Amino acid sequence: QAQLVESGGGLVQPGGSLRLSCAASGSIFIVNAMGWYRQAPGKQRELVAAITSAASTNYADSVKGRFTISRDNTKNTVWLQMNSLKPEDTAVYYCHANVVGTATLLSSNYWGQGTQVTVSS
């Protein structure tokens, strides 16, 4: 079993910045891909950014050039640096990780509890 704990959400004005963090803990053998998803009211959850254990990244078109995902494999932690925030970035942001557990050596998907990001003046 693994747990993902997120932090860093909040209220920011348009054009501002926020940095989200997510740390994985528990019975972890290795963490494969990690990523951030978001869900706005009345909308489906969507991928924002993802990063493999080899640091290959993938971004939604709507955030390219504004958001940067990074990770530290030694700490099983992923960050999302969000710059030039827009009101349409307002959503609950969820951390995701694909984790191989020590007990089974099988991979499973885990989600954080979600953190609210609100972009408003």
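In this chain, residues are counted from 1 in sequence order. Bear in mind the structure is a predicted one, so any value in this text is a computation, not a measurement.
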Which value, rounded to the nearest 0.5 Å, describes the distance between [X] atom [atom1] and [Y] atom [atom2]?
{"X": "Leu18", "Y": "Gln81", "atom1": "CG", "atom2": "CD", "value": "8.5 Å"}
{"X": "Tyr37", "Y": "His96", "atom1": "OH", "atom2": "NE2", "value": "5.5 Å"}
{"X": "Asn58", "Y": "Lys64", "atom1": "CG", "atom2": "NZ", "value": "7.0 Å"}
{"X": "Asn98", "Y": "Asn32", "atom1": "CG", "atom2": "CG", "value": "4.5 Å"}
{"X": "Ser21", "Y": "Asp72", "atom1": "OG", "atom2": "CG", "value": "11.5 Å"}
{"X": "Gln3", "Y": "Cys22", "atom1": "CD", "atom2": "SG", "value": "11.5 Å"}

Counting only N and O atoms by type, is there a donor-acceptor contact under 3.5 Å from the side chain of [X] to the main-chain atoms of [Y]?
{"X": "Arg71", "Y": "Ala54", "answer": "no"}
{"X": "Thr90", "Y": "Val119", "answer": "yes"}
{"X": "Glu6", "Y": "Gly114", "answer": "yes"}

Using every non-hydrogen atom in the two residues, find where [X] and [Y] come nearest and quote the distance to one decimal.
{"X": "Ser70", "Y": "Ile51", "answer": "CA-CD1, 3.9 Å"}
{"X": "Asn83", "Y": "Ser17", "answer": "OD1-OG, 2.9 Å"}
{"X": "Ala40", "Y": "Ala91", "answer": "N-CB, 3.8 Å"}
{"X": "Val31", "Y": "Ala97", "answer": "CG1-CB, 4.2 Å"}
{"X": "Val99", "Y": "Ala2", "answer": "CG1-CB, 4.2 Å"}
{"X": "Gly9", "Y": "Val117", "answer": "CA-CG2, 4.2 Å"}

In terms of hydrophobic clusters joined by side-chain contacts under 4.5 Å, are [X] and [Y] together?
{"X": "Val12", "Y": "Phe67", "answer": "yes"}
{"X": "Tyr93", "Y": "Tyr59", "answer": "yes"}
{"X": "Tyr110", "Y": "Met34", "answer": "yes"}
{"X": "Leu47", "Y": "Trp111", "answer": "yes"}
{"X": "Val48", "Y": "Trp79", "answer": "no"}

| request: Can you establish whether the number of heavy atoms outside Glu88 located under 6.0 Å from its atom CD is more than 12? | output: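 Count over threshold, so yes.
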| More than 12 heavy atoms of other residues, nucleotides or ligands under 6.0 Å from CD of Gln1: is that the case? |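 No, because the 6.0 Å sphere around CD of Gln1 holds 12 heavy atoms or fewer from other groups.
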| said: When you compare the side chain of Arg38 with that of Glu46, does any pair of heavy atoms fall below 4.5 Å? | reply: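 A side-chain contact under 4.5 Å exists here.
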| Can you find a heavy atom in the side chain of Ser120 that is under 4.5 Å from one in the side chain of Leu11? |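 Ser120 reaches Leu11 side chain to side chain.
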| message | Salt bridge or not between Asp89 and Lys86? Use side-chain N to carboxylate O under 4.0 Å. | response |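 Here Asp89 does not pair with Lys86 in a salt bridge, since their nearest N and O are not under 4.0 Å apart.
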